[in-house]
Number of protein chains: 2
Amino acid sequence: MPPTSETLTAERILEATEEVLRRHGPAKATVVDVARALGVSHGSVYRHFRTKAALREAVTKRWLDRTSLRLAGIVDAEDRDPRQRLRDWLAALFAAKRHKAGDDPELFATYTVLTDELGGVVFEHIADLTGQLTRIITAGAGSGDFSVPDPAAAARAVFQATGRFHDPCYAREWTAPGIDEEFTAVVDLLVRGLSSPSR
Amino acid sequence: MPPTSETLTAERILEATEEVLRRHGPAKATVVDVARALGVSHGSVYRHFRTKAALREAVTKRWLDRTSLRLAGIVDAEDRDPRQRLRDWLAALFAAKRHKAGDDPELFATYTVLTDELGGVVFEHIADLTGQLTRIITAGAGSGDFSVPDPAAAARAVFQATGRFHDPCYAREWTAPGIDEEFTAVVDLLVRGLSSPSR
DNA sequence: CAGCTGACAGATTTCAATATCTGTCATTCC
DNA sequence: GGAATGACAGATATTGAAATCTGTCAGCTG
């Protein structure tokens with residue numbers, strides 16, 4: 001909180017921004033506040049981020065990327081069979097989102113507001129995640145575990161069909177009793193669909 | 001719009017309420033406005049609906065029930081095979097929601113606001129719809145088209161997995177290009193999952 | 001001279017005064 | 001006497017004046 005007299009970097013600004021967001025919510029996350037938290041004038045922040053929107057975008061991207069990175073590990077665990085890898089990946093996605101929503105609901109709500117201001121960043125994040133899914137499904141198609149003509153299309157379908165377990169608009173239902181059974185039921189159905197041998 | 005001097009009934013109040021909502025949106029839908037539209041004093045409205053919330057609830061229920069009713073026809077079309085009936089039903093649900101959202105976006109937005117104020121009414125509506133789905137899936141299980149141990153659980157899974165195509169929180173994506181292909185991909189996957197013979 | 005500052009114009013947000021609404025009920029009307 | 005009214009108290013929403021914020025830039029500072 002004291003104006004650490006290191007040089008002002010984009011990274012330090014992003015850290016301060018996240019801290020301000022955590023404390024005050026999305027409405028109060030003004031550029032002036034961020035500058036105040038860093039002990040600099042707001043003009044300096046504009047040297048690193050052209051607009052307030054760019055700053056919000058960068059901090060949101062950082063937040064989303066942390067999730068992508070966690071999941072990337074599962075994609076490459078090539079010792080497990082693709083069916084199990086798919087289940088693991090989806091379960092990890094659900095767990096990650098649920099944690100973010102549960103541990104710091106304020107910050108999660110904040111980012112939920114930010115994400116639906118910022119179409120582009122979210123679009124890329126989803127493309128990233130469905131890309132990971134595509135790799136798992138392609139592996140399964142190669143090994144004969146899955147029978148799908150178009151792994152990328154299948155990946156999008158799986159991602160969309162599990163939206164209830166990762167889309168922020170359902171966050172308030174993630175603590176409902178029975179949600180884990182619902183998750184398992186949906187995933188089972190999808191895995192069976194992907195595995196089904198007949199065309 | 002003149003104060004039709006018929007007696008004041010709950011039904012007439014609901015009609016007027018929907019009209020006011022359509023014209024002014026959810027914020028401006030005051031009891032006073034509804035009364036004004038009917039040419040009566042607002043005290044009279046309170047004779048039929050104990051609170052403003054009860055009025056909003058009743059008008060919302062009416063709106064949701066119109067959708068349920070349309071779909072009920074498909075459930076009982078027992079001449080078609082269950083797989084096709086399931087596809088038809090899901091397509092009809094998507095079409096119905098998409099129409100409501102597209103034809104009168106104002107009114108749809110209004111009801112979207114109302115529905116997430118009113119948990120209970122929506123819960124019942126969803127129970128009604130998954131009930132219809134359960135009947136189709138049960139029929140399919142009986143005929144051997146579907147292999148599911150618990151049709152009701154499968155119905156909930158199918159309903160949740162298709163949320164992207166009926167949940168209002170996705171309404172803005174219903175006009176995106178490629179949405180029909182996405183719908184077909186998800187439904188195909190689910191139908192294959194339900195049909196899969198292995199355990 | 002590269003990085004920072006702070007004053008500024010125009011846009012946005014806050015806040016308190018004002019107006020409107022909700023829900024009740026004693027009274028009026030047919 | 002059953003249905004409707006309209007005045008009322010407390011809660012909620014609207015409004016516009018004042019405060020704050022965004023984004024720029026000429027000038028300071030090291």
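Because only heavy atoms are used, hydrogens play no part in the values below, and waters and symmetry mates are left out as well, while side chains stay in. Numbered from 1 within each chain, the chains take letters A, B, ... in sequence-line order. From a predicted model like this one, the values you see are computed outputs, not experimental measurements.
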Asks: Strictly below 4.0 Å, N to O, side chains only: are K61(A) and E57(A) in salt-bridge contact?
Replies: no

Asks: When you measure from the side chain of T162(B) to the backbone of F165(B), do you find a donor-acceptor pair of N or O atoms at a distance under 3.5 Å?
Replies: no

Asks: Using five pairs at either end of the helix from dC1(C)-dG30(D) to dC30(C)-dG1(D), determine the angle between the two local helix axes and round it to 10 degrees.
Replies: 10°

Asks: Rounded to the nearest Å, what distance is computed from the NE2 atom of residue H48(B) to the P atom of nucleotide dG2(D)?
Replies: 15 Å

Asks: Taking R83(A) for its side chain and D145(A) for its backbone only, find out whether a donor-acceptor pair lies under 3.5 Å.
Replies: yes

Asks: A side-chain contact here means heavy atoms from C-beta on lying under 4.5 Å apart; do R135(A) and D76(A) qualify?
Replies: yes

Asks: Please determine whether the number of non-hydrogen atoms from other residues, nucleotides or ligands lying under 6.0 Å from atom CZ of R70(A) exceeds 12.
Replies: no

Asks: With sequence neighbours excluded, give me every side-chain hydrogen bond (donor to acceptor under 3.5 Å, both in side chains) pair touching residues 43-55 of chain A.
Replies: none

Asks: Specify the separation, in whole Å, of atom NE2 of H24(A) and atom P of dT14(C).
Replies: 13 Å

Asks: Scan residues 54-62 of chain A against DNA chain D and write down, sorted by residue number, each residue with any heavy atom closer than 4.0 Å; if none is found, say none.
Replies: none

Asks: Between the protein and nucleotides 18-27 of chain D, which nitrogen or oxygen pairs come in under 3.5 angstrom?
Replies:
from: dT22(D); atom 1: OP1; to: V31(A); atom 2: N; distance (Å): 3.1
from: dT22(D); atom 1: OP1; to: K52(A); atom 2: NZ; distance (Å): 3.3
from: dT22(D); atom 1: OP2; to: V31(A); atom 2: N; distance (Å): 3.1
from: dT22(D); atom 1: OP2; to: V32(A); atom 2: N; distance (Å): 3.3
from: dG23(D); atom 1: OP2; to: Y46(A); atom 2: OH; distance (Å): 3.1
from: dG23(D); atom 1: OP2; to: K52(A); atom 2: N; distance (Å): 2.6
from: dG23(D); atom 1: N7; to: H42(A); atom 2: NE2; distance (Å): 3.3
from: dG23(D); atom 1: O6; to: H42(A); atom 2: NE2; distance (Å): 3.0

Asks: By the side-chain hydrogen bond (donor to acceptor under 3.5 Å, both in side chains) test, which pairs, at least two apart or in different chains, include something from residues 99-109 of chain A?
Replies: R22(A)-D104(A), T67(A)-K100(A)

Asks: Report yes if at least one side-chain N or O of S41(B) is closer than 4.0 Å to OP1 or OP2 of dT5(D); otherwise report no.
Replies: yes

Asks: Do any side-chain atoms of residues 89-98 of chain B form donor-acceptor pairs under 3.5 angstrom with protein atoms, and if so which ones, sequence neighbours left out?
Replies:
from: W89(B); atom 1: NE1; to: Q132(B); atom 2: OE1; distance (Å): 3.0
from: R98(B); atom 1: NH2; to: D180(B); atom 2: OD1; distance (Å): 3.2

Asks: In whole angstrom, give the distance that lies between atom CD of E117(A) and atom P of dT12(C).
Replies: 14 Å

Asks: Give, for atom CG of L190(B) and atom CZ of R87(B), the distance between the pair rounded to the nearest 0.5 Å.
Replies: 9.5 Å

Asks: Could R62(A) and D65(A) be called an ion pair, given the rule that one side-chain N must be under 4.0 Å from one carboxylate O?
Replies: no

